[in-house]
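Have a look at the structure below before the remarks.
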Amino acid sequence: VNRLLEAADASQQELLDSERRLAAQSQALTELTSRQTGVSVTVNDRVRLILETCARTLEVARVSTWRFEDNGSTLRCDDLYQSATGSHTSGERLYERDVPAYFNAVGHDRVVAASDAHSDPRTREFSASYLTPHGIGAMLDVPLRQEDRPLGVMCIEHVGGPRTWKFDEQNFALSLANLVVVALADADRRQAVQNLAESEARARL
């Protein structure tokens, strides 16, 4: 009887935890959507807000966006947010020749949920060079794609030991990745409009 009561209590607590996470995620998405519009909001501001919101909602130490370069053989960090310091940095690069399994995963998988990043075959190539120096134990990465065209990846990193990524957390990460893609696409559209205007101005001159 005690075991049944303990199991019931555990199930009830798990349900409450799930409801709490979903409520926080819903509120975060609502706030992000309402603040992502406006001519004065730059793509960098939009992405920064997404990363900061992600770190706070999922309670993780590091969230970053990476873009493909060199015909997809290189990933360059556009923005890394670290919640402990509130800082944003960029510039680090990853090369396919060093981590081929990871590049293959982000090229084909919908989401890379590595509960134990040191042992997961998709991320263990990072163990000595990246995970250990930064104290990362788990990774939740979402490829960024626009009309099936690979743009890069959003990387969510848990500092500490292994962490099991809940389905609602994975879905939340997918939603945030979509917002990043929308921000990047909008920036490309604005740049194209600006280039067209400049071209027409030169033609008139």
Side-chain angles (χ1 to χ4, degrees), residues 10 13-26 28-29 32 47-48 50-68 75-90 92-96 98-145 150-181:
Q13 185 60 49
E14 184 175 345
L15 179 61
L16 292 173
D17 290 342
S18 177
E19 291 176 348
R20 177 187 58 80
R21 291 195 308 270
L22 288 171
Q25 294 163 14
S26 177
L29 289 173
L32 278 175
V47 172
R48 282 188 170 204
I50 291 170
L51 299 185
E52 292 170 8
T53 301
C54 179
R56 182 176 64 253
T57 307
L58 293 183
E59 299 178 350
V60 294
R62 298 162 57 92
V63 187
S64 55
T65 54
W66 302 68
R67 298 286 295 273
F68 281 117
L75 276 169
R76 179 189 183 277
C77 180
D78 272 359
D79 193 331
L80 165 63
Y81 173 68
Q82 300 185 72
S83 58
T85 59
S87 62
H88 289 266
T89 56
S90 63
E92 189 168 359
R93 283 178 168 82
L94 299 173
Y95 300 97
E96 184 177 16
D98 297 327
V99 286
Y102 177 75
F103 270 72
N104 181 67
V106 297
H108 297 90
D109 295 355
R110 183 168 175 260
V111 60
V112 179
S115 299
D116 185 345
H118 291 278
S119 63
D120 191 295
R122 299 166 296 182
T123 57
R124 63 189 177 196
E125 297 164 327
F126 291 116
S127 186
S129 62
Y130 186 81
L131 302 179
T132 299
H134 296 300
I136 299 165
M139 299 174 69
L140 176 60
D141 291 9
V142 183
L144 304 174
R145 296 189 180 95
L151 301 177
V153 61
M154 185 177 78
C155 186
I156 301 167
E157 298 166 342
H158 169 73
V159 171
R163 168 175 171 171
T164 299
W165 301 104
K166 308 294 186 181
F167 285 116
D168 58 85
E169 294 173 331
Q170 295 183 40
N171 288 331
F172 179 66
L174 286 164
S175 297
L176 294 182
N178 287 335
L179 289 179
V180 172
V181 171

Closest non-hydrogen atom pair between [X] and [Y], with its separation:
{"X": "Ser115", "Y": "Ala138", "answer": "O-CB, 3.3 Å"}
{"X": "Pro150", "Y": "Phe68", "answer": "CB-CE1, 3.9 Å"}
{"X": "Ala117", "Y": "Thr123", "answer": "O-OG1, 2.8 Å"}
{"X": "Ser18", "Y": "Asp168", "answer": "OG-OD2, 4.5 Å"}

Open item on the list: Applying salt bridge (Lys or Arg N to Asp or Glu O under 4.0 Å), can you list everything that pairs with Glu169, at least two apart in sequence or on another chain?
Closed with: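 Checked Glu169 against salt bridge (Lys or Arg N to Asp or Glu O under 4.0 Å); matches are Arg163.
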- [ ] State which residues pass salt bridge (Lys or Arg N to Asp or Glu O under 4.0 Å) with Asp98; sequence neighbours excluded, sorted by chain then number.
- [x]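 Applying salt bridge (Lys or Arg N to Asp or Glu O under 4.0 Å) to Asp98 gives none.
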Open item on the list: Could you check whether Tyr130 and Glu157, counting side-chain N and O atoms only, form a donor-acceptor pair closer than 3.5 Å?
Closed with: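 Yes - a donor-acceptor pair under 3.5 Å links their side chains.
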Task: Side chains of His88 and Glu52, donor plus acceptor under 3.5 Å - done: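 Checked: His88/Glu52 side chains pair up, N/O donor to acceptor below 3.5 Å.
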How long is the gap from [atom1] on [X] to [atom2] on [Y], to the nearest 0.5 Å?
{"X": "His108", "Y": "Asn104", "atom1": "NE2", "atom2": "CG", "result": "5.0 Å"}
{"X": "Ser83", "Y": "Leu51", "atom1": "OG", "atom2": "CG", "result": "11.5 Å"}
{"X": "Asp109", "Y": "Tyr102", "atom1": "CG", "atom2": "OH", "result": "10.5 Å"}

Task: side-chain contact (heavy atoms from CB on, under 4.5 Å) between His158 and Ile136, intermediate numbers included - done: CA-CA 6 Å; His158 169 73; Ile136 299 165; 5.9 Å; no
Quick one: are [X] and [Y] in side-chain contact, heavy atoms under 4.5 Å?
{"X": "Arg21", "Y": "Lys166", "answer": "yes"}
{"X": "Thr65", "Y": "Leu80", "answer": "no"}
{"X": "Phe103", "Y": "Val99", "answer": "yes"}
{"X": "Val111", "Y": "Asp141", "answer": "no"}
{"X": "Ile50", "Y": "Thr53", "answer": "no"}

Open item on the list: Before you tell me yes or no, could you show the steps for Leu29 and Phe172 under side-chain contact (heavy atoms from CB on, under 4.5 Å), namely the whole-Å CA-CA distance, both residues' side-chain angles and the distance that decides it to 0.1 Å?
Closed with: CA-CA 8 Å; Leu29 289 173; Phe172 179 66; 3.8 Å; yes
Task: Salt bridge present between Asp120 and Arg122 (N-O < 4.0 angstrom) - done: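 Answer for the salt bridge query: yes.
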Task: Val159 and Arg62: CA distance, side-chain angles, deciding distance, side-chain contact (heavy atoms from CB on, under 4.5 Å) verdict - done: CA-CA 8 Å; Val159 171; Arg62 298 162 57 92; 4.0 Å; yes
Open item on the list: Between Arg124 and Ser119, is the side-chain contact (heavy atoms from CB on, under 4.5 Å) condition met? List the steps.
Closed with: CA-CA 5 Å; Arg124 63 189 177 196; Ser119 63; 5.9 Å; no
Task: Passing candidate, side chain to side chain contact (heavy atoms under 4.5 Å, CB included) with Trp66, options Leu151, Asp79, Leu94 - done: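 Checked Leu151, Asp79, Leu94 against Trp66; only one passes side chain to side chain contact (heavy atoms under 4.5 Å, CB included): Leu94.
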